[in-house]
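Note on naming: letters A, B, ... go to the chains in the order of the sequence lines (proteins, then strands), and numbering restarts at 1 for each one.
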Protein chains: 2
Amino acid sequence: MARILVIDDQLDLVALLKDELESRGHQVLTALDGNEGVELAQMEPDLIILDIMMPGMDGYDVCRSIRSAVSCPILFLSAKQSETDRIKGLALGGDDYILKPFSLPELLARVDAHLRREKRALSLKLGGEGNWIRFGSLAINLHSRQATVEDSPLSLTKREFDILELLALNPGQVFSREQIYEKIWGYDADGDSATVTEHIKNIRAKISSIDPETQYIGTVWGIGYRWEKRPGKGDGDARKAIT
Amino acid sequence: MARILVIDDQLDLVALLKDELESRGHQVLTALDGNEGVELAQMEPDLIILDIMMPGMDGYDVCRSIRSAVSCPILFLSAKQSETDRIKGLALGGDDYILKPFSLPELLARVDAHLRREKRALSLKLGGEGNWIRFGSLAINLHSRQATVEDSPLSLTKREFDILELLALNPGQVFSREQIYEKIWGYDADGDSATVTEHIKNIRAKISSIDPETQYIGTVWGIGYRWEKRPGKGDGDARKAIT
DNA sequence: GGCAGAAATCAAGAAATCATAAAGAGCACT
DNA sequence: AGTGCTCTTTATGATTTCTTGATTTCTGCC
């Protein structure tokens, strides 16, 4: 469901949280110290649970160094009871501050609340239930997972929709096969990113069965694919036109 | 700054919060019971502080009835210490649960944290693309790996883009062929840096097909190439000027 | 003006990457 | 178990890009 990063030097606690969160269907990354945590924060987790008291780089340090790059909610975990500590944590860019020892159900509830909110904020931005997000002649409804081109419905499979969503929601941005694979299959999936190529082909085929004129998904040679904001026509060589 | 709705039947507490929040620049709406709260929630506040124990419609009821319509964060305020109450509040769509009596600075810090997060979530997704770096009439977008000269798109191959990026991001700095080769192909690549020459040629050709007037990439005789901060005109008299 | 070294140009072959097709594996639903 | 759909893998051919070496042009200097 979500990717959660747990950073804590207490092995037993990390194991407990990992178990519980995984049993709820989440993917859990764990780090046993601050440095490792900063590393793993690059994996774009959806939420971070961060212990404050750790040897070496403490939770505050970790938060400081990742906050600018990572926009997900950060939950501090700490035995520090003092009010100033709590305020410090929140002021540094934390989103919640949970006292140790904590109640596991409450922690889980808070995690859910944060994830739910993140999702809410996203869907607010992207349009709610009945809302279609439009990209030129493509329209996507994230809620019903439907897509249309020129108002004709596309019948996309799950993976195809995932890929289309990723590309269309980030118009213009280039994604390598590997990036696409990792984002959709998960960072630890083992498989060949060549399968991405195949899906791209199928998506293109489905789109062009409706609109053969326009090339929506562009190939960036040697790099990957991108959703063309201003799609090129026909057999698609914006390139030639330019050169 | 933000519009905050406070729903609580304790008049003194409401007044206190209103004062504090307003002194921090927020606009504060107040409601003294559940029904009034539901009414005011129509005003699209950015955040709601909601007491649980109120006569008549309690905080849970309020939350239930507005949650579907209001997407902003809801902070529960309650004297109920029990874990199940806290979990209930969070499960109903609340985003935080603060025990009474609370520390005012902490409450304010939490309010800030929630507002900050909301802002973060909104500004983030979708609407990126703004990452064009401009160098005079050249613009480069690292996300989409596109470059334009005088707003006309350049269609560059992978290596060409890499080289252009290296040069343009360090305007004025001279790079030898070997440096360019090493930076882009990797320190352990085996090959002839003469190929750099060829790519430079191609980049120049593509640029001058759009803007034949200006020389962007200068040759530093015996040394290498550099991006001209103040490009020389025409068929390359920049060179003389440089040497 | 002529010379040597450096850079630019050109063309063609080599290498890398992508598109396509086709077949096999996995999965859910009967 | 059988069917149908989706997903994955593999192989092949087509295309683009990169590289290389020969050749020409340019630069700085005598």
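Whole-Å rounding puts the A/E178 CD to C/dC18 C1' distance at 13 Å. One can place OH of B/Y225 at 12 Å from C1' of D/dC26, the figure rounded to the nearest angstrom. In this structure, the CD1 atom of B/I217 is 13 Å from the C1' atom of C/dA8, given to the nearest Å. Between B/I200 atom CD1 and C/dA7 atom C1' there is a gap of 11 Å when expressed in whole angstrom units. Between the CG atom of B/D162 and the C1' atom of C/dA16 there is a distance of 15 Å, given to the nearest Å. The nearest whole Å value for the distance from the CD1 atom in B/I180 to the C1' atom in D/dC18 is 16 Å.
In summary, the aromatic rings of B/W227 and B/F135 are positioned with their centroids too far apart to meet the 6.0 Å limit.
Here B/I223 lies in heavy-atom contact (under 4.0 Å) with sugar-phosphate atoms only. Residue contacts shown for A/F161 are absent, as no nucleic acid heavy atom lies under 4.0 Å away.
Contacts of B/T197 classified as side chain to side chain donor-acceptor pair (under 3.5 Å), with partners at least two apart in sequence or in another chain: B/R177.
Checked against C/dT20, D/dT16, C/dA8, the side chain of A/T197 finds its nearest nucleotide in C/dT20.
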Pair A/R145, A/D162 - check salt bridge (Lys or Arg N to Asp or Glu O under 4.0 Å), show working.
CA-CA 9 Å; A/R145 291 181 64 87; A/D162 288 341; 2.8 Å; yes

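Residues B/R226 and B/E228 are paired through a salt bridge, judged by an N-O separation under 4.0 Å between the basic side chain and the carboxylate. One finds a salt bridge joining B/E198 and B/K201 here, because a Lys/Arg side-chain nitrogen approaches an Asp/Glu carboxylate oxygen to under 4.0 Å. With respect to A/D95 and A/R67, a salt bridge is recorded, a charged nitrogen being found less than 4.0 Å from a carboxylate O.
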Per-nucleotide protein contact along nucleotides 3-13 of chain D, 5' to 3', at a 4.0 Å heavy-atom cut-off (B base, S sugar-phosphate only, - neither), is ---SSBB----

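Sorted by residue number, the list of members of residues 170-177 of chain B with any non-hydrogen atom under 4.0 Å from DNA chain D is empty.
Of all heavy-atom pairs between A/K206 and A/S155, the closest is NZ-O, 2.9 Å. Considering every non-hydrogen atom in both B/G94 and B/C63, the closest pair reads N-SG, 4.2 Å.
Geometrically, B/K183 does not engage B/F175 in a cation-pi contact, judged by NZ or CZ lying under 6.0 Å from the ring centre and within 45° of the ring axis.
Residue side chain A/K201 reaches the base of C/dA21 through a donor-acceptor N/O pair under 3.5 Å, judged by distance alone.
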